[in-house]
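So you know, we letter chains A, B, ... as the sequences are listed, proteins then strands, and number each from 1. This one's a predicted model, so the numbers in the text were calculated from it and none came from an experiment.
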Protein chains: 2
Amino acid sequence: MTVTIKDIAKVAGVSKATVSRSLNDSPLVAETTRERIKDLADTMGFEFNANARSLSTSKTGTVGIIYPERFGKFGVSLYYSSLLNQIRDFLEKEELDNIVAFPRNRYTGESNIKRLIQSKKIDGLLIIHPNITDVDQKIMNFIEISKMPYVFLHHYPSFCDVETVDAIYTNHFGGGYDATKHLIDLGHRNIICLTSYGDSMEFRQRTEGYRAALIDNNIEINEDFIFRGYRDIGSGYKMIKENMDFIEKNNITGMFSQTDLMAIGVMEGLKEFGKKIPDDYSIVGYDDIEMVMDFKPNLTTIHQPREEIAILTCNRLLELINGVKSNKKVNISLSTKLIIRESTKKIE
Amino acid sequence: MTVTIKDIAKVAGVSKATVSRSLNDSPLVAETTRERIKDLADTMGFEFNANARSLSTSKTGTVGIIYPERFGKFGVSLYYSSLLNQIRDFLEKEELDNIVAFPRNRYTGESNIKRLIQSKKIDGLLIIHPNITDVDQKIMNFIEISKMPYVFLHHYPSFCDVETVDAIYTNHFGGGYDATKHLIDLGHRNIICLTSYGDSMEFRQRTEGYRAALIDNNIEINEDFIFRGYRDIGSGYKMIKENMDFIEKNNITGMFSQTDLMAIGVMEGLKEFGKKIPDDYSIVGYDDIEMVMDFKPNLTTIHQPREEIAILTCNRLLELINGVKSNKKVNISLSTKLIIRESTKKIE
DNA sequence: ATGAAAGCGCTAACAC
DNA sequence: GTGTTAGCGCTTTCAT
């Protein structure tokens with residue numbers, strides 16, 4: 001039924017070893033036999049048994065992708081989809097399979113990272129995990145001593161000394177700063193900021209950037225100007241609906257929304273109050289998700305270099321898997337980019 | 001470094017076989033030894049080597065999920081995210097890993113389905129693939145003769161006799177019919193329909209449902225009332241922007257948009273023309289994606305039973321994997337459900 | 001350049 | 001109940 005190298009060997013009248021060598025392009029085999037064997041394998045419909053091969057070589061040809069725990073939330077998966085598509089594309093080019101898992105099994109509580117490593121199902125690990133808590137510090141150690149190649153991506157590794165892990169992420173402080181600075185440069189002084197509930201490092205950093213930009217420009221920070229939402233469209237909408245009075249009373253003209261989705265909600269809410277964007281309010285989003293182009297006015301936003309993240313991350317993981325010898329960790333903070341579109345305008 | 005059953009055997013002073021039996025809950029081992037071995041395995045940090053195990057048992061503990069080719073498109077992945085999350089949840093509960101792949105490697109053109117089966121990387125296959133072309137008919141045959149358990153899901157298997165495959169899908173004809181019928185029941189007679197470019201079976205069926213509902217109610221079908229888009233928000237928006245004249249000239253009052261995303265775009269476009277929904281136009285969407293609730297008015301739409309699909313599909317796959325003997329294929333067409341919200345209204 | 005044989009870690013007959 | 005052994009399909013020394 002399934003054809004193995006033994007079958008090929010029998011038909012070709014050679015040994016298993018020769019078949020193996022031929023199929024693996026070993027230089028230790030005659031050019032002519034190699035070709036003969038390869039042709040034969042083709043016509044017989046041979047494919048390596050991945051398990052046997054892995055058992056023997058300790059290479060699986062698959063990498064694990066660890067999704068963030070909140071991935072199930074609609075807005076979250078939407079946000080990551082583009083990054084994941086890029087990663088998948090890269091892995092496909094390298095003919096690597098990928099196993100998708102959450103940090104822990106949500107039913108048994110067991111660490112999937114640990115299990116995948118120990119059970120030898122993967123050659124490397126791509127970890128998209130916003131914050132590893134101290135509970136998970138054990139796992140970090142485990143990964144390290146297991147020598148399993150890994151790269152953290154997209155999220156700043158807040159759970160440990162940055163220098164001690166491989167990580168590719170974006171500079172959220174800079175992003176928050178640039179967004180706010182842009183509004184200030186356009187003459188806005190009363191700028192509110194819509195961030196996320198919880199204490200995800202990335203959002204904290206964006207807010208720090210917002211604060212820093214205000215301070216650098218001698219604008220007093222008003223803590224009441226900082227709102228919180230669930231990162232989705234509904235949250236932005238709700239924020240406006242519930243605070244329009246406040247916004248008008250305080251002569252707000254600029255808004256920095258730390259996700260594009262919330263910014264879309266903000267615009268929807270504002271429209272319902274008959275407000276014009278950017279005439280009445282200038283809005284800056286964050287992420288530069290594709291969807292933003294489907295709404296008018298097109299949102300000015302902070303672009304996250306997702307393609308770059310994907311490529312750098314995968315390249316690094318491949319290096320690691322292919323055994324580049326070096327104790328140096330690679331640790332890259334990518335700059336975001338302000339994309340000016342139609343939702344911001346100089347104040348008169 | 002890694003601990004194997006041999007190590008445990010040595011420490012416990014028993015044979016590998018006994019360790020294996022204990023760890024696999026075989027009844028052929030004494031209760032006391034079982035517990036002793038299990039404790040030992042725990043403290044020694046043992047985990048089965050998946051490759052060795054698979055090689056020996058032909059079970060991998062992972063299933064393959066085949067994504068639709070168009071998955072990379074933003075709107076598409078958004079649309080599937082909820083279904084995938086449900087599936088992943090189910091698999092997690094069963095402690096099954098999942099390998100994600102496209103039907104073919106987009107670089108080498110090689111069939112991933114075939115490769116995954118032959119290389120013995122998976123125990124079963126969940127295939128979300130809208131239409132298998134005649135080129136892929138070979139692959140269908142391959143799957144069948146390989147005896148690899150599989151279930152097609154979400155898409156009606158148009159590429160073959162329905163009775164010959166395991167498939168769980170929704171009744172798109174019924175969905176299209178119900179959406180249109182709802183508008184007719186509300187008094188609308190001039191109803192446009194926004195479907196998708198290309199000839200995806202599901203969209204064709206929705207359109208057939210639209211036609212059938214009109215015919216059943218003695219409303220003449222006007223081919224010009226059928227528009228096409230790319231299933232995303234931008235397409236809905238564009239359709240309105242470009243055809244407002246036509247819409248008004250033809251006294252259109254009802255609109256059936258075959259994706260929620262397009263419906264959102266339609267509403268955005270209509271708002272820009274100062275139109276009120278549902279006062280000026282009644283709109284029915286399709287899919288019932290979560291995002292719909294973030295827009296006002298909340299969209300009346302056709303709910304696709306994604307949770308049911310996920311559960312039925314996974315259950316069936318498990319049956320197959322666990323060797324339920326039966327030559328009967330399971331083939332389920334699930335009904336959609338009309339969800340009436342705020343975007344539709346009785347015509348005066 | 002090729003073959004023989006051991007071994008990767010586990011399971012499953014088959015003995016005892 | 002437990003041990004012994006063969007074998008899953010492949011790679012890789014070590015001979016020749």
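In terms of phosphate contacts, S15(A) brings no side-chain nitrogen or oxygen within less than 4.0 Å of OP1 or OP2 of dT2(C). At dC10(D), none of the side-chain N or O atoms of S20(A) fall inside 4.0 Å of OP1 or OP2 (strictly under the cut-off).
Rounded to an integer number of Å, the gap from R36(A) CZ to dA1(C) P is 15 Å. D7(A) has its CG atom 9 Å from the P atom of dG9(D), to the nearest Å. Per the geometry, CZ belonging to R34(A) stands 10 Å off P belonging to dT2(C), to the nearest Å. Computed from coordinates, the E47(B) CD to dC10(C) P distance equals 10 Å when rounded to whole Å. Note: CG (N24(A)) to C1' (dT12(D)) measures 11 Å, nearest angstrom. One atom, CD of Q118(A), and another, C1' of dG9(C), lie 14 Å apart when rounded to the nearest Å. Atom NZ of K10(B) is separated from atom P of dG9(C) by 11 Å (rounded to the nearest Å). At whole-Å resolution of the value, CD in E35(A) and P in dA1(C) are 15 Å apart.
Every residue two or more places apart in sequence or in another chain that forms a side-chain contact (heavy atoms from CB on, under 4.5 Å) with S26(B) is listed here: R21(B), L28(B). In this structure R70(A) satisfies the side chain to side chain donor-acceptor pair (under 3.5 Å) test with no other residue, sequence neighbours excluded. Here S15(B) pairs with T18(B) under the side chain to side chain donor-acceptor pair (under 3.5 Å) rule; sequence neighbours left out. Under the side-chain contact (heavy atoms from CB on, under 4.5 Å) criterion, D25(A) pairs with R34(A), K38(A), not counting sequence neighbours. With sequence neighbours excluded, the residues forming a ring pair (Phe, Tyr, Trp, His ring centres under 6.0 Å) with F71(B) are Y67(B), listed by chain and number. For K59(B), there are no side chain to side chain donor-acceptor pair (under 3.5 Å) partners two or more places apart in sequence or in a different chain.
Within the 4.5 Å cutoff, the side chain of L83(B) has heavy atoms near those of the L153(B) side chain. For the pair V100(A)/N98(A), a side-chain contact is recorded, criterion being any heavy-atom separation below 4.5 Å from C-beta on.
Shown here is K329(B), whose NZ atom has more than 12 heavy atoms of other residues, nucleotides or ligands within 6.0 Å.
Across all strands, K120(B) comes closer than 4.0 Å to no nucleic acid atom at all (heavy-atom distances).
DNA chain C lies under 4.0 Å from at least one heavy atom of each of the following residues of residues 49-63 of chain A: L55(A), S56(A).
Remark on DNA chain D: of its neighbouring residues T33(B) and I5(A), the 5'-side contact belongs to T33(B), judged by nearest-heavy-atom nucleotide.
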Taking N or O atoms only and anything under 3.5 Å, show me the protein contacts with nucleotides 13-16 of chain D, one pair per line.
from, atom 1, to, atom 2, distance (Å)
dT13(D), O4, R21(A), NH2, 3.2

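Sorted by first then second residue, the side chain to side chain donor-acceptor pair (under 3.5 Å) pairs that include residues 108-124 of chain B, not counting sequence neighbours, are D97(A)-R115(B), D97(A)-K121(B), T60(B)-D123(B), N112(B)-R115(B). Identified under the ring-ring contact (aromatic ring centres under 6.0 Å, His included) test for residues 89-117 of chain B, with sequence neighbours left out: none. Listed by first then second residue, pairs satisfying ring-ring contact (aromatic ring centres under 6.0 Å, His included) with a partner in residues 8-60 of chain A read F46(A)-F48(A), not counting sequence neighbours.
Rotation axes derived from the C1' atoms of the five outermost pairs at either end of the helix from dA1(C)-dT16(D) to dC16(C)-dG1(D) lie 40° apart, to the nearest 10°.
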